[in-house]
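Because the structure is a prediction, the values reported are computed rather than measured. Index from 1, following the sequence.
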Amino acid sequence: RAASDFLMALQLTGAARADTIANMQLRLPVVVIGGGLTAIDTATEAMAYYPVQVEKFLGRYEALCADRGEDAVRDPWDPEEVEIADEFLAHGRAIRSEREAAAADSRPAEIRELIQGWGGVTIAYRKRMIDSPSYTLNHEEVGKAFEEGIRLAEGLTPVAVEVDGNGHAEAITLAKQQYTREEREGHWIDTGTIERLPARAVLIAAGTQPNTVLAREDPTNVQLDGRYFQAFDETGSPVSPDRTRKPDQAEVLCSLRSDGRAISFFGDLHPSFAGNVVGALASSKQGYPVVSRMLSQVDPASGADDRAFLAELHDDLRATVQ
């Protein structure tokens, strides 16, 4: 599964909250492919979500069994569902027991150690950790991920995913690469060795590109500057934004029309702020004054006051059942 899809689904469905009925199935061990901050985010979120998932599953299972009886709950399950359910139930009970024991002993629950014992979460990266974008961009975040129990496997390039009888991921095989130095220039060579990592979930956090499909759909108004949208200043002149989180001037317009209307771009779409959530928040904080100034130069499309305008929107756009 794409790591970005996993992260988005986790947040939008509310599956990570213990008080919701939303669910998103994740099995251990987890292998995340990539070396950027998205890989770090994916690994830590998977590590945090798994105990929530199995404890929610155990609680619902017990409630259903108390209401309908265990046989009635389990009879409709096919062998595949029985296997996964029993796995979740065993892990949920183990986590519950550890929490109870920890409370009795007045110590922190060792949930991380349980998850690691079930296979844990591993980031597989094709180079060294010190070469990874996550390390060069924010080595503190990498250190915190290690503290949470994330493992890193260096010098590994994916070759194939092995599946079980149900067609689910069971393991991933990776080609081992080795870093060598020749004439003061380092490079990677294939060692000819294949490594196998057990993996019930494979999350791909590699090869992420900014979504610039708008430049293909509307080439008249939006162009590209390399991998990113072409940026413009507030006069409509093309500019090259600084590749820094704190540019002297936030250039967040990617189109400026003759009637004063403009299109703005932020976050991963922008060369100054791409890479992580912190950069995305920085882009909105530094870019909103530009948007405000552009809006102030365009006459409003409606002359109605705020109350009347919002009432019209509600009438036009809200769905009603007759």
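K56 places no side-chain N or O within donor-acceptor distance of the main-chain N or O of A16, the cut-off being under 3.5 Å. Counting only distance, with no hydrogens or angles, the side chain of D105 and the backbone of R107 share no donor-acceptor pair below 3.5 Å. Remark: side-chain polar atoms of T38 are not paired, donor with acceptor, to backbone N or O of A205 under 3.5 angstrom.
Taking the ring-ring contact (aromatic ring centres under 6.0 Å, His included) definition, one finds that Y125 meets it with nothing, sequence neighbours left out. D233 is linked by a side chain to side chain donor-acceptor pair (under 3.5 Å) to T235, counting only residues two or more places apart in sequence or in another chain. Taking the salt bridge (Lys or Arg N to Asp or Glu O under 4.0 Å) definition, one finds that K144 meets it with E147, sequence neighbours left out. Legend: residues meeting side chain to side chain donor-acceptor pair (under 3.5 Å) with T42, ordered by chain and number and at least two apart, are absent. Residues satisfying the ring-ring contact (aromatic ring centres under 6.0 Å, His included) test with Y49, not counting sequence neighbours, are none.
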Using distance only, find each side-chain donor-acceptor pair of residues 306-317 under 3.5 Å and give its atom names and separation, not counting sequence neighbours.
none

Please set out all donor-acceptor pairs under 3.5 angstrom arising from side-chain atoms of residues 295-303, sequence neighbours excluded.
from: S296; atom 1: OG; to: R293; atom 2: O; distance (Å): 2.6
from: Q297; atom 1: NE2; to: R293; atom 2: O; distance (Å): 3.4
from: S302; atom 1: OG; to: A304; atom 2: N; distance (Å): 3.2

Pairs under 3.5 angstrom only: tabulate donor-acceptor contacts from the side chains of residues 155-163 to other protein residues two or more places apart or in another chain.
from: T157; atom 1: OG1; to: Q177; atom 2: NE2; distance (Å): 2.9
from: E162; atom 1: OE1; to: R196; atom 2: NE; distance (Å): 3.0
from: E162; atom 1: OE1; to: R196; atom 2: NH2; distance (Å): 3.1
from: E162; atom 1: OE2; to: R196; atom 2: NE; distance (Å): 3.3

Review item, side-chain donor-acceptor pairs of residues 79-95, under 3.5 Å, at least two apart:
from: E80; atom 1: OE2; to: H168; atom 2: NE2; distance (Å): 2.3
from: E81; atom 1: OE1; to: D78; atom 2: N; distance (Å): 3.0
from: D86; atom 1: OD1; to: R74; atom 2: NH1; distance (Å): 3.1
from: D86; atom 1: OD1; to: R74; atom 2: NH2; distance (Å): 2.8
from: D86; atom 1: OD2; to: R74; atom 2: NH2; distance (Å): 3.2
from: E87; atom 1: OE1; to: R27; atom 2: NH2; distance (Å): 2.8
from: E87; atom 1: OE2; to: R27; atom 2: NE; distance (Å): 3.2
from: H91; atom 1: ND1; to: Y50; atom 2: OH; distance (Å): 2.6

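The hydrophobic cluster of V213 has no other members, since no ILVMFWY side-chain heavy atom comes under 4.5 Å of it. Clustering of Ile, Leu, Val, Met, Phe, Trp and Tyr by side-chain heavy atoms under 4.5 Å joins L269 with L214, V222, L224, F229, I263, F265. Grouping Ile, Leu, Val, Met, Phe, Trp and Tyr residues whose side-chain heavy atoms lie under 4.5 Å apart, directly or via other members, leaves Y228 alone, with no other cluster members.
In terms of heavy-atom proximity, D41 sits nearest to T44 at O-OG1, 3.0 Å. Of all heavy-atom pairs between C65 and E70, the closest is SG-CA, 3.7 Å.
Hydrophobic clustering (ILVMFWY, side-chain heavy atoms < 4.5 Å, transitive): Y288 and F266 are in distinct clusters. Residues L64 and W77 share a hydrophobic cluster, clusters being chains of Ile/Leu/Val/Met/Phe/Trp/Tyr side chains in contact below 4.5 Å. Residues F146 and V121 fall within the same hydrophobic cluster, defined by Ile, Leu, Val, Met, Phe, Trp and Tyr side chains chained together at heavy-atom separations under 4.5 Å.
Below 30°, between 30° and 60°, or above 60°: for F273 and H270 the angle between ring planes is between 30° and 60°, a tilted geometry.
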